[in-house]
Amino acid sequence: MYSEKVMDHFINPRNVGEISEPDGVGEVGNARCGDIMKVFLRIEDNVIVDVKFKTFGCAAAIATSSMATELIKGKSVDEALAVTNKSVTEALDGLPPVKLHCSVLAEEAIQKAIEDFKEKQETKVGA
Amino acid sequence: MYSEKVMDHFINPRNVGEISEPDGVGEVGNARCGDIMKVFLRIEDNVIVDVKFKTFGCAAAIATSSMATELIKGKSVDEALAVTNKSVTEALDGLPPVKLHCSVLAEEAIQKAIEDFKEKQETKVGA
Amino acid sequence: MKKRIYFDHAATTAINREVLEAMLPYYSQEFGNPSSIHSYGQQAKKAVDQARDKTAKVLNAGFDEIFFTGSGTEADNWAIHGVAMANKKKGNHIITSAIEHHAVLYTCQRLEKAGFRVTYLPVDRYGLVDPKQVESEIGPDTILVSIMLANNEIGTIQPIKEIGKITKEKGVYLHTDAVQGVGSIAIDVCDMNIDLLSLSAHKFYGPKGIGALYIRKGTKMTPLLYGGAQERNRRAGTENTPGIVGLATAIELARSNMEENNQRLIKMRDRLIDGVMTKIDNVVLNGHPELRLPGNANLSFEFIEGESMLLSLDLKGIAASSGSACTSGSLDPSHVLLAIGLSHEIAHGSLRLSLGIDNTEEEIDYFLDTLPEIVARLREMSPLFLQKKGGYSYV
Amino acid sequence: MKKRIYFDHAATTAINREVLEAMLPYYSQEFGNPSSIHSYGQQAKKAVDQARDKTAKVLNAGFDEIFFTGSGTEADNWAIHGVAMANKKKGNHIITSAIEHHAVLYTCQRLEKAGFRVTYLPVDRYGLVDPKQVESEIGPDTILVSIMLANNEIGTIQPIKEIGKITKEKGVYLHTDAVQGVGSIAIDVCDMNIDLLSLSAHKFYGPKGIGALYIRKGTKMTPLLYGGAQERNRRAGTENTPGIVGLATAIELARSNMEENNQRLIKMRDRLIDGVMTKIDNVVLNGHPELRLPGNANLSFEFIEGESMLLSLDLKGIAASSGSACTSGSLDPSHVLLAIGLSHEIAHGSLRLSLGIDNTEEEIDYFLDTLPEIVARLREMSPLFLQKKGGYSYV
Ligand SMILES: Cc1ncc(COP(=O)(O)O)c(C=O)c1O
Ligand SMILES: Cc1ncc(COP(=O)(O)O)c(C=O)c1O
């Protein structure tokens, strides 16, 4: 059903965990629909130096969370914003059609975390 | 499908043939429906001393023809009239339900042959 | 052991050993439900997918245009009922032929009760549908044409490719019941413009209880069976994995041995027909002399009735059929034989001999030695023959 | 070889060797079409008749009340659609439950589109239908009640005998989907006043692609499949002789080993449930504590999602299911779990373990050793668990 890469990221998900006092946090999805992803970012000089996640969901949700965090790690904030559900899915060698919607979760969570980061920045700048 | 008795009478039908100048002849059925039976009777002192038949039809039609002629052979005309499709069927250890109608053929052919005999009698008596 | 000769391959066939071998693992080790996401299920799903791919390739169809069913009958019912239900806003007219299998005819009759109008095209004396007539019957409310690829009784092969050109041009769906054609006729659903095609594995040395419907992508139709999401939500019910694998193995084998088998069968069949015609008088060959299934010989013997021939042959170890096996419970002579213009009388005396890959030339010899006596004996017993000899005849 | 443990017997079962052995002759030597009148056909017909007789006896039904179908799904569709169509002049109301299999639910929905009115009875938190509610919903236009014997997801066994008393008294047909019940529940269609009953062989160690519908004599219903005169003109299609023989062999075996198997299964199942509840927190048992199928354990694990549990178990060699295998392609949590009142969140975290005759106590041990780590690992990864630990919870 799933590609080997998906299974690898499901069995050994990278970047699981939390970051205390993160520079940006994003949470999307809801338990009603069966998947939630929460992303924690540590950003220095506009570069994502660390990223962690927690995900409630199926194997596809967990694997895309893992892959997406890998893809943005070490990237600039703008580069990270360019990571789409398509690029995550491709990096995983594809997903079954019924699971494609899961890959949107990671894209949205990252965007939300970066928004959160930017808002915090503005607050700091404003302060 | 058929009982052993039916198969026996189909494989070795008794009384197949014709009687030249019979005392009674009866033919029933039609080729359109797939079965025809023709019965020839030789009657002496109101007793059926010989009987022959020709039948066009399925195994059940042939077997009932054979059995029915056996049942009336040596019987009085009145006894022969009492032979019903039911008694023929029973003598054959039954017939499949879809084939029950075949047994009516023999009953009717015999009745018709006896009628024919009686008509001829009357003509003779009348003459 | 008693000699046993099987000349009833149109009714059903014995499974090919290779096919059975291919099926067995899916009963025992690989028994998972293809809808299950664990490894048992995924292995079964892979087998089903491979089988779908094989089947599609043989018909030159797409992988996702093949739907497995529980029988050829289900495929026929589904095709016709499904297209009718989904397209009734477009029109309520269906065209079929007078010599279709009952799986098609009775489905059409059922739709007539539901307000559809059905045209049952006549056939000529060889059993052929005239494509021009198909064309002229298609009106603005016509939604479906259903014409069989080859007839199960008389073996006549229809000009489906010509009909397909017409239906394509007119924008009407074409269904073909190919249950008898698979294995002897090369089928290319693209080239022939077929939109729906039914098949049944047990007719080509595959297992019983499994069929398939090819449905061209984009065809609007409703399901026949509702329930689980199997077959991409279009045909519910746990997949019959061994059956599906068996069907695919059988269709591939049948296709790759087709030319060779056909040659052999045609030779045997023609010898059988010629032999019967030479040895026995008052015999008629039913169906088309050339456009017929390689294994099919359908002959009518005047003055005698089919079942007594069948049983007499059976006692000599020869299995044959009179009309379709499926209608043998019926009392009426075959609707196919009547449609080609036979009188009831002669239709009653029909014998179908359908040869298959296991038959031999020796079996043809034995048959040709055996049949004349049987016919003679039954004719001797027949009052019709009596009349014939006497100078007049009912027939 | 890798350890492989199959805890998904509700999805499908491996065929019993004895069953397969009984089937094999009908693929090869005894391959005739039961409708053929020659000896090949008659031998096959005898096998079909014997199978019908065996199947009837197990259900305490009459020989001519058993009709073989291509699946449990077909039997369900046929029962409901057939009764509805044949009795629509009498009434257009059908009563069923909210937790039926989709083969029943979707057939009912299709009938709603055709003008029928369907009442979907709620169930209590154990999944039980209330017979009193059945009674009070029956009106003058009610023609059919369809309530399953046992649920495929949560295993709850319905009070069919009580419902049967009511439907009999009210003169309404009772259909029961017994697909999950056969083999673990003693069925007597007379005693239970069942008019129609569906079953599917692959659920009780029989072959896939074969089912049966019991139809009480005199029940008014239309066919679902039209064509040949098979099954006394009520279900067309060449008989799947090997499948039919397999079904009959399997149902007899299942019945004769039932008490013994049930005892074993209940013991293993209860140890499994108790073990999980003891070792893992925040787990809910779904279904009725006692009125449940002997092999069924359905548990919901808070904070985590079912599929990731399934795949994690699969990687450890354990095959399980989350909700019904048939609905695993779907994204919504199971309609059954929602109907017993679970929140969506918890329903998503459900795991069905369905034990069968091949399972051992050692396998239960292995499972109880394996599951806690998996749940812990997934919970560690879950933001819901985080919140829970942090003092508040979504659930
Ligand atoms: C032309 C044709 N169509 C349909 C069928 C029905 O196939 P099945 O009996 O396998 O369902 C048959 C065979 O009986 C057939 O010969
Ligand atoms: C309760 C119930 N009814 C009907 C079915 C359908 O049976 P099948 O998939 O064998 O057609 C199933 C199994 O999937 C079931 O569990």
Side-chain angles (χ1 to χ4, degrees), chain C residues 4 6 8 11-15 17 20 27-28 31-33 35-41 69-74 76-77 101-103 106-107 110 200 202 207-210 225-230 236-243 307 310-311 313-314 319-321 325-330, chain D residues 6 8 11-15 17 20 27-28 31-33 35-41 69-74 76-77 101-103 106-107 110 200 202 207-210 225-230 236-243 307 310-311 313-314 319-321 324-330:
Chain C
R4 279 185 100 188
Y6 190 72
D8 200 12
T12 194
T13 57
I15 205 165
R17 272 240 74 84
L20 185 56
Y27 280 118
S28 308
F31 66 89
N33 186 325
S35 300
S36 301
I37 67 173
H38 48 64
S39 59
Y40 292 86
T69 66
S71 62
T73 297
E74 187 192 323
D76 280 343
N77 276 249
H101 189 269
H102 286 132
Y106 291 156
T107 304
R110 171 193 179 190
S200 186
H202 73 96
K208 292 174 176 61
I210 186 80
L225 296 181
Y226 293 82
Q230 293 93 350
T238 300
E239 294 88 342
N240 175 358
T241 319
E307 193 215 85
L310 283 192
L311 281 177
L313 283 168
D314 192 39
S321 160
C326 301
T327 56
S328 68
S330 147
Chain D
Y6 190 72
D8 200 12
T12 195
T13 57
I15 204 165
R17 272 240 74 83
L20 185 56
Y27 279 117
S28 310
F31 66 89
N33 185 324
S35 299
S36 302
I37 67 172
H38 48 63
S39 60
Y40 293 84
T69 66
S71 61
T73 297
E74 186 191 325
D76 280 343
N77 275 249
H101 189 269
H102 286 133
Y106 291 156
T107 303
R110 170 192 181 193
S200 187
H202 72 96
K208 293 173 176 59
I210 186 81
L225 295 179
Y226 293 82
Q230 293 91 352
T238 299
E239 294 88 343
N240 176 359
T241 320
E307 194 215 84
L310 284 194
L311 282 177
L313 282 168
D314 191 38
S321 159
S324 159
C326 300
T327 56
S328 67
S330 150

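The sequence lines fix the lettering, A, B, ..., with proteins before strands; numbering per chain opens at 1.
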With chain D as the partner, which of [options] has the greatest number of non-hydrogen pairs under 4.5 Å?
options	value
Leu313(C), Asp76(C), Thr12(C), Thr241(C)	Thr12(C)
Leu310(C), Thr107(C), Thr69(C), Thr73(C)	Thr73(C)
Lys208(C), Glu307(C), Arg17(C)	Lys208(C)

**OP:** Supply the atom-to-atom distance Leu225(C) CG to Gln230(C) CD, rounded to the nearest 0.5 angstrom.
**Re:** 10.5 Å
Original post:
What is the distance from atom CG of Asn77(D) to atom OH of Tyr106(D), rounded to the nearest 0.5 Å?
Top reply: 12.5 Å
Does any heavy atom of chain C fall under 4.5 Å from the side chain of [X], the backbone, both, or neither of them?
X	answer
Leu311(D)	side chain
Thr13(D)	backbone
Asn240(D)	both

Give the member of [options] that has the highest number of heavy-atom pairs under 4.5 Å with chain C.
options	value
Gly32(D), Gly243(D), Gly41(D)	Gly32(D)
Gly72(D), Gly237(D), Ser71(D)	Gly237(D)
Ala14(D), Ala103(D), Gly209(D)	Ala14(D)

Heavy-atom pair of closest approach, residues [X] and [Y]:
X	Y	value
Arg4(C)	Ser39(D)	NH2-OG, 3.8 Å
Ala236(D)	Gly227(D)	CB-N, 3.2 Å
Ser321(C)	Asp8(C)	CB-OD1, 3.2 Å

Subject >> Close side-chain approach of His202(D) and Ile210(D), heavy atoms under 4.5 Å >> reply: no
Original post:
Taking the six-membered ring for Trp, are His38(D) and Tyr6(C) parallel (under 30°), tilted (30 to 60°) or perpendicular (over 60°)?
Top reply: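 His38(D) and Tyr6(C): perpendicular rings.
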Subject >> Interface moiety of Leu20(C) toward chain D, non-hydrogen atoms closer than 4.5 Å >> reply: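 Answer is side chain: those atoms of Leu20(C) sit under 4.5 Å from chain D.
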